[in-house]
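Report on one structure; see the data block that follows.
As the structure is a computational prediction, the values presented were derived from the model and not from experiment.
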Amino acid sequence: QVRLVESGGGLVQAGGSLTLSCAASGSANNMGWYRQAPGKQRELVAQMTRGANSVYADSVKGRFTISRDNAKNTVDLQMNSLKPEDTAVYYCNADLVRGRPLGYSGDYWGQGTQVTVSS
């Protein structure tokens, strides 16, 4: 098992930036970020393998950057040029299964952190 603790959410104006951080209690394979807006399904934002291969949602490409530190068991999400439609609860996700392709969520979730972008 692994426990995930997120930090870094908050309120920001459109065009601003935020960085989300997630610390895992142990080593994981794929790690990433999902988000869920009110009334919508949870969706993948960005995900990265231990080998630094990554995938992004089309809506965030060129604005968000995922990074991880395998030695520290952390994954960050740098969010730039934020838009009101980025408003959601953001969840860190970790997968202990080796070899699972990117785009599939793992079994472990953080508690979520709210990101609100005002227009």
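Taking 4.5 Å as the limit, every side-chain heavy atom of Cys22 sits out of range of all side-chain heavy atoms of Val5. Within the 4.5 Å cutoff, the side chain of Met79 has no heavy atoms near those of the Thr19 side chain. Proximity of Thr49 to Asn29: side-chain heavy atoms (C-beta onward) are nowhere separated by under 4.5 Å.
The heavy-atom pair separating Leu18 from Val12 by the smallest distance is CD1-CG1, 4.0 Å. The two residues Gly9 and Leu20 make their nearest non-hydrogen contact at N-CD2, 3.6 Å. Among all heavy-atom pairs drawn from Tyr108 and Leu4, the shortest one is O-CD1, 3.4 Å. Considering all non-hydrogen atoms of both residues, Glu6 and Gly110 come closest at OE2-CA, 3.3 Å. Between Arg68 and Ala28, the closest heavy-atom pair is NH2-O, 3.1 Å. The nearest pair of heavy atoms linking Ser17 to Ser81 is OG-N, 4.4 Å.
Under the 4.0 Å criterion applied to side-chain N and carboxylate O atoms, Asp86 and Lys83 are not assigned as salt-bridge partners.
Of the N and O atoms on the side chains of Thr116 and Gln114, at least one donor lies less than 3.5 Å from an acceptor on the other residue. In this model, no donor atom of one side chain and acceptor atom of the other lie less than 3.5 Å apart for Gln78 and Asp76. When only modelled atom types and interatomic distance are considered, Arg42 and Tyr34 share no side-chain donor-acceptor pair under 3.5 Å.
Taking the six-membered ring for Trp, Trp33 and Phe64 have ring centres at least 6.0 Å apart.
Looking only at distances, a side-chain donor or acceptor of Gln47 sits under 3.5 Å from a matching main-chain atom of Tyr104. Side-chain N or O atoms of Asn93 include one that pairs as donor or acceptor with a backbone N or O of Gly106 at under 3.5 Å. Ser21 places no side-chain N or O within 3.5 Å of a backbone atom of Ser7 that could act as its donor or acceptor partner. The backbone N or O of Thr74 lies less than 3.5 Å from no partner atom in the side chain of Asp69, so there is not a single donor-acceptor pair.
If you take CE on Met48 and OH on Tyr56, they are separated by 5.5 Å, rounding to the nearest 0.5 Å. The CG atom of Asn30 sits 10.5 Å away from the CG atom of Leu96 when rounded to the nearest 0.5 Å. Once rounded to the nearest 0.5 Å, the distance linking OG of Ser67 with CE of Met31 reads 11.0 Å. Between atom CD of residue Gln13 and atom CG of residue Leu11 there is a gap of 8.0 Å, rounded to the nearest 0.5 Å.
A 6.0 Å sphere centred on CZ of Arg100 holds more than 12 heavy atoms belonging to other residues, nucleotides or ligands.
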side-chain hydrogen bond (donor to acceptor under 3.5 Å, both in side chains) between Arg50 and Ser27, intermediate numbers included: CA-CA 10 Å; Arg50 290 185 64 84; Ser27 177; 3.0 Å; yes
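Among the candidates Leu77, Thr113, Leu44, Val60, the single residue satisfying the side chain to side chain contact (heavy atoms under 4.5 Å, CB included) test with Arg35 is Val60.
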